[in-house]
Structure formats: C-alpha cells, structure tokens
Amino acid sequence: MKSLTQHYQADPRAADHDIFGRVAHKDRRGFLRGAGLSALGLALGSAIPFHRSMPSGLIPVGLAQDMIIEGKDGLTYLNDRPVNAETPAHLLNDDITPTARHFIRNNGVPPEGVNVQNWRLTVDGLVQNILDLSIEDLKKRFEVVTRALVIECGGNGRAAFDPPASGNQWSLGAVACAQWTGVRLMDVLTAAGVGEGAIYTAHEGADTHLSGDPDKMPISRGVPIEKAMDPNNLIAFEMNGAPLHAMNGAPLRLVIPGYPGSVSQKWLTRIWLRDQIHDGPKMTGKSYRAPQHPVAPGTDVPKEDLAIIENMPVKSLITSPQTGAALTESSLSIHGHAWSGSGAIDQVQISIDFGATWEQAYLKKAENPFAWQHFDADIEFPISGYYEIWARARDETGASQPFAISWNPKGYLNNSVHRVAVTVKI
Ligand SMILES: Nc1nc2c(c(=O)[nH]1)N[C@H]1C(S)=C(S)[C@@H](COP(=O)(O)O)O[C@H]1N2
Ligand SMILES: [Mo]
C-alpha cells in the first residue's frame with residue numbers, strides 16, 4: 001500500500017492531480033471523483049462505499065494519519081504538503097516537550113541533503129561588519145547557552161473560530177516548550193554591529209516554495225531591532241540536547257520566544273538588518289496581523305486597521321486529564337502549563353462549575369524567561385456526572401484569558417479559556 005506521503009514524494013503534481021482532481025495545484029478544494037477516487041481507494045487499500053457523501057477536499061483520515069516522520073510520535077497531521085502537525089494536549093504533559101512531540105509548521109518544502117559542516121549564516125544589511133559564519137564559528141565565537149523556550153504558532157486555536165478563518169485548522173497543540181541550545185541572537189548582532197538606521201530584522205531560510213519556483217521564498221519574517229536584541233532569543237543548533245530535528249529547522253534556526261512562531265526562522269541562512277519594516281513573504285497583507293480593536297465575528301477588517309502581531313497573549317493548557325476521560329474517583333490531580341509573551345504568569349485558576357467558583361492552582365516558577373510554567377491542582381468532584389475543567393491564567397501585566405474568542409479575520413491569537421470535558425462515576 002502506497003501512503004499519501006510516498007505518493008507525494010514520488011510525484012507531487014501527479015499526486016495532487018490524482019487526489020484532488022484537475023484544479024489541484026492552485027486550489028485543493030477540487031471534488032474527489034473519477035480517477036481521484038480510485039487512486040484514493042488504492043491508497044487506502046479498499047474502496048470507499050460512501051464516497052458520494054465525502055465533503056469536497058476532505059483527506060480521508062486513514063491517509064492523513066498514515067504519515068510517518070522519523071523522530072516524531074503521536075502528532076496529528078493536518079497536511080502533508082507542506083507538513084503541518086500538532087500535538088494532542090494530553091501528550092504535552094512533559095515539563096520540557098520531547099522533540100518527538102514538538103509540533104511542525106512548514107510553509108514550504110524543507111531543504112534536502114543538509115550538510116552541517118558546510119552550513120553558512122550570513123548577517124548583512126545595515127551592519128558594520130558583514131558576518132559569514134559556519135555553525136562551528138558560532139560555537140567558537142559566542143557563548144553557548146541552553147534555554148527552555150515556548151514556540152507557539154500565531155494560528156494555534158484557529159479551529160475554534162466561528163465564522164471559521166481559513167488556514168491550518170490548529171486545535172490546541174501548535175505550541176511546545178523544548179530546551180534549545182545555541183548562541184544569543186543579541187551577541188551575533190552585536191558582533192556584526194547594528195548599523196545606524198537599522199529598525200527591523202529580516203530572516204531567511206533554506207526551505208523552498210511549494211510551487212518549486214527557486215525565486216520564491218515560502219516565508220521570511222522579521223522583528224523590530226529592540227525585540228531582536230532581547231537576550232532570550234537564540235540562534236539554535238540543538239534541541240533537547242541533540243541536533244535539531246529536520247522538521248524543526250536542522251541544522252540551524254532562530255528561536256524568538258514571545259512572538260508568533262513564524263518569526264523563528266527554521267533552516268536559517270541569513271539575517272538581514274533593514275531600515276524599514278521587513279516586507280518578505282508572510283510579512284505583508286493580512287498575514288500575522290490582527291485588528292487593534294475588538295471586532296464583531298465575521299467583520300471584514302480593512303488592511304489599514306490590522307497591525308503586525310507582536311507579543312503573544314497569556315494562555316494555559318490543561319494536559320491532564322485528557323478531554324473525554326471517564327473517571328471513577330472523586331479526587332483528581334490536574335496538570336498543565338501556562339505562558340505569556342508579555343512576562344511571567346502570576347496566577348492560574350481552575351473551575352469545575354462553569355466558572356461560578358475558581359480555585360487557585362499551584363504554580364511553579366519559570367525555569368527561565370519565556371519557558372512555560374507548570375501548574376497542578378487537586379480537585380474533588382461532589383457527585384457523579386458530566387464536568388468541565390476550566391483553566392485560566394493571568395500574567396504579570398494583569399492580562400487574563402477570555403471565555404470567548406476575540407475574533408479576527410485570519411484566526412490568530414485564540415487564547416480563550418481551555419475547557420476539558422470529563423465524566424465522573426463515583
Ligand atoms: N524557514 C522556515 N521557518 C519557519 C517556518 C517555515 O515554514 N519555514 N514556519 C514558521 C512558523 S509559521 C512557525 S509556527 C514555526 C514552527 O516551528 P516548528 O515547526 O519547529 O514547530 O516555525 C516558523 N519558521
Ligand atoms: Mo506559525
């Protein structure tokens with residue numbers, strides 16, 4: 001049996017055509033029919049009796065989950081080209097996210113045949129000295145540090161938007177906190193000498209555009225110089241004590257915590273200092289932008305009213321129990337993490353009565369700035385029945401999590417209260 005991945009590896013255009021029909025490469029929402037359906041049946045190893053009821057563009061779960069990426073485990077695949085995979089909340093229970101459980105968000109095709117020895121990073125643009133560094137140079141010239149840092153995709157939680165927002169339908173798991181080792185971005189920029197007039201960085205990576213066009217980059221974002229000079233940002237070459245995973249940017253990437261994950265360029269080859277806000281792919285238009293003021297769900301917000309997303313909002317995730325759990329005891333320990341792009345978390349509260357009353361969770365201090373903080377709480381269910389466990393975090397700026405999604409057109413920044421449903425039969 002040929003997997004969807006193998007099919008795509010062998011011939012992506014043919015695979016698109018077979019699976020999505022003729023409109024495939026531009027718009028995958030083609031109707032599955034004719035040759036497409038029989039190819040699908042072939043790939044699945046059996047016919048699809050109810051194919052007439054299949055919504056257009058649907059990838060059978062039997063195929064999407066058939067992906068195997070070495071070194072990854074338990075992820076839910078949203079797409080296979082580009083690869084996008086998130087981690088179910090209950091598999092994010094570790095204090096430090098194992099590499100196997102770190103989500104993957106690709107906009108293009110990862111580079112192949114990566115050679116660590118020959119890898120170069122160029123730092124240029126408005127700098128006093130252009131740098132052209134190997135990974136060995138980075139290790140020799142700069143202090144090597146290890147930090148636990150949260151990376152969260154700006155679109156994490158998009159699946160809950162109503163009306164829906166287009167883009168990857170992430171539920172809760174496009175977030176992770178791995179232990180990253182590398183050199184400080186600040187130290188490298190200082191060595192290059194930030195030139196007068198430099199206000200923004202521009203990041204480039206070695207991945208290629210889905211179209212195959214070598215002149216197009218899948219994504220190139222940047223941050224204001226003040227953010228770039230934050231000592232917590234890393235140019236990382238290790239993840240959890242081992243070389244980076246191929247899907248998480250091997251051999252070199254940026255980790256710029258606190259901002260949307262999209263600024264943390266993977267397969268990093270160039271940092272370019274500019275005298276204007278960077279205008280690379282996914283920096284312009286409506287990408288990674290949100291209205292500055294709340295808007296009613298479904299509002300068509302003009303471009304001028306959208307601002308580039310900077311600090312990610314305060315958020316928490318319950319990692320135990322798992323939603324849907326059938327519990328047989330009245331006492332339960334709850335576990336999870338909380339984080340914010342704007343500083344430490346100072347409180348996490350738990351409710352099992354739909355927010356009528358809240359109990360303080362025990363909150364650990366962060367291992368270092370921009371690491372997530374773990375919380376635990378012991379609760380008692382009074383009687384058998386259906387419960388929702390809710391968690392709500394507050395950061396040191398006083399910001400807390402809303403109940404409703406603050407809707408925006410592209411489905412970013414969903415930090416609404418996490419709700420886990422359980423049944424209790426004592
Ligand atoms: N070169 C490159 N860097 C990239 C991306 C990409 O597609 N190409 N995706 C970005 C986005 S949108 C996110 S959320 C993070 C995800 O990092 P991860 O895949 O290691 O979880 O990488 C960012 N860096
Ligand atoms: Mo992202």
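If you're wondering where the values come from, they're calculated on a predicted model, not measured in any experiment. As the structure lists them, so they are numbered: ligands from 1, and atoms in each ligand from 1.
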Would you check if Phe375 and Ile350 make a side-chain contact, meaning some heavy-atom pair closer than 4.5 Å? yes

Under 3.5 Å: N or O atoms of ligand 1 paired with protein N or O:
from, atom 1, to, atom 2, distance (Å)
ligand 1, 1 (N), Asp207, OD1, 3.0
ligand 1, 1 (N), Asp207, OD2, 3.2
ligand 1, 1 (N), Gln265, NE2, 3.1
ligand 1, 1 (N), Lys266, O, 3.0
ligand 1, 3 (N), Lys266, N, 2.8
ligand 1, 7 (O), Asn107, N, 2.7
ligand 1, 7 (O), Asn107, ND2, 2.8
ligand 1, 8 (N), Asp207, OD2, 2.6
ligand 1, 9 (N), Arg105, O, 3.1
ligand 1, 9 (N), Asn107, ND2, 3.2
ligand 1, 17 (O), Arg253, NH2, 3.2
ligand 1, 19 (O), Arg105, N, 2.9
ligand 1, 19 (O), Lys266, NZ, 2.5
ligand 1, 20 (O), Asn248, ND2, 2.8
ligand 1, 20 (O), Arg253, NH1, 2.6
ligand 1, 21 (O), His102, ND1, 3.3
ligand 1, 21 (O), Phe103, O, 2.8
ligand 1, 24 (N), Ser264, O, 3.0

N/O donor-acceptor pair under 3.5 Å between Asn156 side chain and Ala174 backbone: yes

So do Met247 and Asn106 actually touch side chain to side chain, heavy atoms under 4.5 Å? yes

Return yes if some donor-acceptor pair links the side-chain N/O of Gln169 with the main-chain N/O of Gly167 below 3.5 Å, else return no. yes

Mark yes or no for whether Thr181, through its side chain, and Glu238, through its backbone, hold a donor-acceptor pair below 3.5 Å. no

Can you say whether the rings of Trp170 and Phe103 are parallel (under 30°), tilted (30 to 60°) or perpendicular (over 60°)? perpendicular

